[in-house]
Participant: 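After the structure tokens below, expect a handful of questions from me.
Order of listing sets the numbers, starting from 1, for every ligand and every atom in it.
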Amino acid sequence: MNYKKINFAKYSSIKIGPIINVAILDQCSDYSKEFHIIGGCNNILVGPNPPKLMMLSKKFNYIKIENNLLKIGGATPSGQIVSFCKKNNISNFEFLAHLPGKLGGLVFMNAGVKEYEIFNNLVEITTCSHKKKKCEIDFTYRKTDIKEPILEASFKIEKGFNSQRVLDLKKMRSNQPSDPSAGSCFKNPPQHFAGKLIEELKIKGIPYGSMEFSTQHANFLINKGDGQFKDAISLINKVQKEVYSQFNIKMELEIEILDKNYL
Ligand SMILES: Cc1cc2nc3c(=O)[nH]c(=O)nc-3n(C[C@H](O)[C@H](O)[C@H](O)COP(=O)(O)OP(=O)(O)OC[C@H]3O[C@@H](n4cnc5c(N)ncnc54)[C@H](O)[C@@H]3O)c2cc1C
């Protein structure tokens with residue numbers, strides 16, 4: 001099996017993490033359950049002691065139209081999907097224009113913006129052991145029950161790329177910080193907004209080392225420079241503890257923390 005040395009302080013969107021060898025999944029025989037699969041690392045905080053990691057090889061970076069379905073490889077970045085859809089006048093993927101990720105990570109997370117979600121047009125996924133139709137997968141807000149690396153997904157094709165939708169969604173993002181982050185840190189608890197609860201704690205903008213909850217959008221944990229894993233964890237713990245003690249609400253993480261000592 002091949003490995004690739006990845007510097008997570010460069011590769012991950014939050015710009016934190018060690019330099020380690022990541023296994024490359026090129027053939028299904030490379031895969032075993034001991035590996036944790038990663039995509040573009042836009043939703044992951046990697047600690048100094050991560051589990052064994054694996055990523056799909058470049059072979060899984062493709063988009064094609066076959067049998068009137070859009071077939072996308074698990075390693076295909078969101079920007080490439082949008083460009084293909086624009087060129088081929090395909091609708092419903094415009095929301096990916098400002099949503100970073102690779103197809104496998106986007107499907108696993110059921111990523112989306114407002115009413116646009118990757119599962120809306122999904123037909124089936126392919127993993128090493130099976131093909132699974134959408135109706136056989138349990139999915140909800142930013143969550144699925146998929147247990148194996150997603151190698152490919154197929155989608156229904158509807159015509160009509162909507163450039164205005166891309167602009168509208170870009171405008172919606174203007175309140176989000178441009179500093180490195182992993183997107184929204186916590187899920188919105190039922191009937192509440194995570195950002196609003198964090199604002200109530202008066203913690204946003206207070207630095208722990210180079211990490212802080214953004215003054216622009218309180219649910220974004222941002223890295224202002226050489227952010228450290230331990231500072232990110234201290235801030236996350238503080239928010240979870242204080243929101244629980246003040247409002248009796250559990251703040252569930254939307255980002256995933258990969259560290260043996262943290263789990
Ligand atoms: C600035 C910013 C804004 C964001 N805004 C949004 C938003 O509006 N909406 C939204 O939904 N998300 C948003 N995110 C989060 C992120 O874009 C999504 O979660 C995206 O789906 C992550 O894709 P990824 O390839 O980077 O996956 P990763 O972060 O690498 O992994 C995420 C999860 O998917 C799993 N996974 C990755 N690849 C595979 C695979 N091939 N097979 C099976 N499982 C896999 C991983 O094990 C992990 O559990 C934002 C992130 C950033 C940095």
Participant: Does an N or O anywhere in Pro149 fall below 3.5 Å from an N or O of ligand 1?
Facilitator: no
Participant: Quick check: closest heavy atoms across Ser154 and Leu69, and the distance to 0.1 Å?
Facilitator: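 For Ser154 versus Leu69, the nearest heavy atoms are CB-CD1, 4.1 Å.
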Participant: Output, in order, the C-alpha distance, side-chain angles, deciding distance and verdict of salt bridge (charged side-chain N to carboxylate O under 4.0 Å, His left out) for Glu124 and Lys133.
Facilitator: CA-CA 4 Å; Glu124 70 178 11; Lys133 297 214 177 311; 3.2 Å; yes
Participant: So with a 6.0 Å cut-off around NZ of Lys86, is the heavy-atom count from everything else above 12?
Facilitator: no
Participant: Which residue and atom name correspond to the protein heavy atom nearest atom 45 (C) of ligand 1, and how close is it?
Facilitator: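 Its nearest protein heavy-atom neighbour is Ile37 CG2, 3.6 Å.
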Participant: Give the atom numbers and elements of ligand 1 that come within less than 4.0 Å of a heavy atom of Gly105.
Facilitator: 21 (O), 23 (O), 25 (O), 27 (O), 34 (O), 36 (N), 37 (C), 38 (N), 39 (C)
Participant: Using the rule given for salt bridge (charged side-chain N to carboxylate O under 4.0 Å, His left out), can you reason through Arg142 versus Glu117, listing the C-alpha separation, both sets of side-chain angles and the distance that settles it, and then say yes or no?
Facilitator: CA-CA 9 Å; Arg142 309 290 169 260; Glu117 285 185 339; 3.6 Å; yes
Participant: Could you tell me whether Ser181 and ligand 1 have an N or O pair separated by under 3.5 Å?
Facilitator: no
Participant: Any N or O of Ile150 that comes nearer than 3.5 Å to an N or O of ligand 1?
Facilitator: yes
Participant: Under 4.0 Å, heavy atoms only, figure out whether ligand 1 is touched by the backbone of Met109, its side chain, both or neither.
Facilitator: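 The answer is the side chain.
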Participant: Checking contacts here: is it the side chain or the backbone of Glu117 that comes within 4.0 Å of ligand 1, counting heavy atoms only? Could be both or neither.
Facilitator: neither
Participant: If you measure from each non-hydrogen atom of Glu148 to ligand 1, which part falls under 4.0 Å: side chain, backbone, both or neither?
Facilitator: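 For Glu148, only backbone atoms sit under 4.0 Å from ligand 1.
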Participant: Would you tell me which option among Asn43, Ile38, Ile118, Asn110 has the nearest heavy-atom contact to atom 15 (C) of ligand 1?
Facilitator: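 Minimum heavy-atom distance to atom 15 (C) of ligand 1 goes to Asn43.
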Participant: At under 4.0 Å between heavy atoms, is it the side chain or the backbone of Val113 that contacts ligand 1, or both, or neither?
Facilitator: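 The answer is the side chain.
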Participant: Geometry only, no angles: is Glu254 polar-contacting ligand 1 at N/O separations under 3.5 Å?
Facilitator: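 Among all N and O atoms of Glu254, none is under 3.5 Å from an N or O of ligand 1.
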Participant: Which atoms from ligand 1 have a heavy atom of Ala111 less than 4.0 Å away?
Facilitator: 11 (O), 21 (O)
Participant: I'd like the name of whichever of Gly183, Pro100, Gly101 reaches closest to atom 16 (C) of ligand 1 through any heavy atom.
Facilitator: Pro100
Participant: Based purely on interatomic distance, does Ser13 place a nitrogen or oxygen under 3.5 Å from a nitrogen or oxygen of ligand 1?
Facilitator: no
Participant: Look at atom 39 (C) of ligand 1 and find which of Gly104, Ala182, Gly39 reaches it with the closest heavy atom.
Facilitator: Gly104
Participant: Out of Glu256, His98, Arg173, Gln176, whose heavy atom sits nearest atom 4 (C) of ligand 1?
Facilitator: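 Nearest heavy atom to atom 4 (C) of ligand 1 lies in Arg173.
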Participant: Go through ligand 1 atom by atom and flag the ones less than 4.0 Å from a non-hydrogen atom of His36.
Facilitator: 47 (O)
